[in-house]
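When reading the values below, keep in mind they use all heavy atoms of this one structure, side chains included, and skip hydrogens, waters and symmetry mates. Since we're looking at a predicted model, the values are computed, not measured.
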Amino acid sequence: MSLIPVPTLAIRSGPSGHHSMPVLGFGTAASPIPEPTMLKETVMEAIKLGYRHFDTSPRYQTEEPIGEALAEAVSLGLVRSRSDFFVTTKLWCADAHGGLVVPAIKRSLKNLKLDYLDLYLIHWPVSSKPGKYKFPIDEDDFLPMDFEVVWSEMEKCQRLGLAKCIGVSNFSCKKLQHILSIAKIPPSVNQVEMSPIWQQRKLRELCSSNDIVVTAYSVLGSRGAFWGTPKIMESDVLKEIAEAKEKTVAQVSMRWAYEQGVSMVVKSFTKERLEENLNIFDWFLTEEETQRISTEIPQFRNLGGEVYISKKGPIKSVAEMWDGEI
């Protein structure tokens, strides 16, 4: 089996350095939570196909099986060393407090059997009661995030060598600008929902002007998950382009994202789909096809973050979560 090479993007690592991120990552946010043995086997299969970028979070409960798979792949010689991998995990809401960020990343590193992360992200722009790791979070347990304190501790994770790069996830333009205004080390990445049905033009412009890479999730709509939508796979525009190209709708959606200059994390647990998802790098969308995707597909934010919103918490509405970017 020949490996399919995945292009990389340079993301900022510290004041002047850069780090290579494969543009296509293997995502592990799923509902229900994948069975650990099955997930480990799927990650091994993905590595054999050419995947090197793996995205997880304590919230997904997938760090340990990913760590086992990566360690086994190194020991079997499927890769030369750990440095061939790009591993992202995230700071959960209950750990987004002063004094808890460094212990949280160390816990994730232990789960992943790693000495360092390639990328550590603040998962959502809200904190919750320390020490309570329940999901969904109880509506009484949401707390406002002290962005200055939490971001300074993210910077400490990088200075300690525990993460090559640091960033955020699910941050609106306004919240991202606030981080930029207080950061000594600016975020490298903002991981957000992005797809042909939610193209994030304003956020991408802000990120581009500040040397921040956008990582797209739900590029295919996350069908099957409680937050999923069929709108992408059922789009007539994407279906017509796919038919003309003799590609799948999923491949067209991913190719579009790639041509927008973003990285992406895509979830699949079947070998055929994993392979299909890699076959997006040796063909192009025409200017006309790109224009159709840009102008003919109604825009719709699918993932509003409702499970992080509470009338008793700091973020009381979808409009507040995204600062009107809906």
Side-chain angles (χ1 to χ4, degrees), residues 8-22 25 28 52-64 66-68 70-71 74 79-128 130-131 133 143 145-171 175-176 178-191 210-213 215 263 265:
T8 60
L9 281 172
I11 66 170
R12 178 166 40 202
S13 177
S16 55
H18 281 83
H19 192 48
S20 288
M21 169 196 264
T28 60
R52 295 293 180 264
H53 175 177
F54 295 90
D55 181 272
T56 181
S57 164
R59 148 80 186 90
Y60 310 155
Q61 298 179 40
T62 55
E63 288 180 335
E64 290 187 0
I66 287 176
E68 288 170 11
L70 300 184
V74 172
V79 295
R80 288 166 301 179
S81 69
R82 181 270 178 259
S83 63
D84 286 357
F85 292 124
F86 187 101
V87 183
T88 301
T89 193
K90 305 176 186 85
L91 176 71
W92 183 235
C93 305
D95 294 315
H97 300 278
L100 298 184
V101 178
V102 172
I105 193 175
K106 287 181 175 177
R107 202 159 52 243
S108 284
L109 287 169
K110 186 179 178 185
N111 290 341
L112 287 159
K113 298 179 167 53
L114 297 175
D115 296 324
Y116 69 89
L117 294 171
D118 296 276
L119 179 62
Y120 195 44
L121 304 176
I122 299 176
H123 201 157
W124 283 88
V126 64
S127 298
S128 63
Y133 295 96
L143 297 166
M145 182 177 290
D146 186 330
F147 289 107
E148 287 197 46
V149 168
V150 172
W151 189 253
S152 72
E153 296 210 0
M154 294 289 287
E155 293 173 335
K156 186 177 180 183
C157 291
Q158 185 167 325
R159 284 196 296 271
L160 290 170
L162 302 174
K164 298 267 187 193
C165 307
I166 52 175
V168 296
S169 182
N170 301 300
F171 272 54
K175 291 180 176 71
L176 184 58
H178 180 54
I179 294 291
L180 286 166
S181 75
I182 59 173
K184 294 184 177 70
I185 302 172
S188 304
V189 167
N190 188 10
Q191 185 181 122
N210 286 280
D211 193 21
I212 298 169
V213 167
T215 297
S263 60
V265 291

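Side chain to side chain, Thr215 and Ser263 meet the donor-acceptor criterion of an N or O pair below 3.5 Å. Using modelled atom types and a 3.5 Å distance limit, the side chains of Thr89 and Ser57 yield no donor-acceptor pair.
Rounding to the nearest 0.5 angstrom, the gap separating the CZ atom in Phe171 from the CZ atom in Phe147 is 5.0 Å. Atom CG in Leu112 sits 6.0 Å away from atom OG1 in Thr56 (nearest 0.5 Å).
Looking only at side-chain heavy atoms (C-beta outward), Pro187 and Ile122 stay at 4.5 Å or farther from each other. Under the 4.5 Å side-chain criterion, counting only non-hydrogen atoms from C-beta, Leu109 is not in contact with Asp115. Looking at heavy atoms from C-beta onward, Lys156 lies in side-chain contact with Val102 at the 4.5 angstrom threshold. When side chains are defined from C-beta on, Ser20 does not count as touching Leu9, because their heavy atoms never get closer than 4.5 Å. Side-chain contact check for Val74 versus Phe85: some heavy-atom pair is nearer than 4.5 Å. A 4.5 Å side-chain heavy-atom check between Ile11 and His18 finds every atom pair outside the cut-off.
Under the rule for a side chain to side chain contact (heavy atoms under 4.5 Å, CB included), the partners of Leu143 that lie at least two apart in sequence or sit in another chain are His97, Ser127, Pro130. Residues passing the side chain to side chain contact (heavy atoms under 4.5 Å, CB included) test with Glu148 are Asp146, Ile182, sequence neighbours excluded. Qualifying ring-ring contact (aromatic ring centres under 6.0 Å, His included) partners for Tyr116, counting only residues two or more places apart in sequence or in other chains: none. By the side chain to side chain contact (heavy atoms under 4.5 Å, CB included) test, Ser128 pairs with Cys93, Ala94, Ile137, sequence neighbours left out. Legend: residues meeting side-chain hydrogen bond (donor to acceptor under 3.5 Å, both in side chains) with Lys113, ordered by chain and number and at least two apart, are absent. Considering only residues two or more places apart in sequence or on other chains, Ser108 meets the side-chain hydrogen bond (donor to acceptor under 3.5 Å, both in side chains) condition with Glu63. Under the rule for a side chain to side chain contact (heavy atoms under 4.5 Å, CB included), the partners of Ala104 that lie at least two apart in sequence or sit in another chain are Leu91, Asp95, Arg107, Tyr120. The side-chain hydrogen bond (donor to acceptor under 3.5 Å, both in side chains) check on Glu68 picks up nothing, with sequence neighbours excluded. Every residue two or more places apart in sequence or in another chain was checked for a side-chain hydrogen bond (donor to acceptor under 3.5 Å, both in side chains) with Ser181, and none qualifies.
Among pairs with a residue in residues 82-92, those fulfilling salt bridge (charged side-chain N to carboxylate O under 4.0 Å, His left out) read Asp55-Lys90, Arg80-Asp84, Arg82-Asp118, at least two apart in sequence or across chains. Sorted by first then second residue, the salt bridge (charged side-chain N to carboxylate O under 4.0 Å, His left out) pairs that include residues 119-128, not counting sequence neighbours, number zero.
Listed for the Trp151 side chain is a donor-acceptor partner under 3.5 Å among the backbone atoms of Ile185. Arg12 places no side-chain N or O within donor-acceptor distance of the main-chain N or O of Ile212, the cut-off being under 3.5 Å.
Taking each heavy atom of Pro22 and Arg52 in turn, the nearest pair found is CG-CB, 4.3 Å. Closest approach of Glu153 and Gly99 over heavy atoms only: OE2-N, 2.6 Å. Scanning both residues, Ser83 and Ser81, for their nearest heavy atoms gives OG-OG, 2.7 Å.
His19 and Phe86 have their aromatic ring centers within a separation under 6.0 angstrom.
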Donor-acceptor list for residues 158-170 side chains, cut-off 3.5 Å, not counting sequence neighbours:
unit_1	atom_1	unit_2	atom_2	d
Ser169	OG	Gln191	O	2.9
Asn170	OD1	Tyr217	OH	2.5
Asn170	ND2	His123	O	2.9

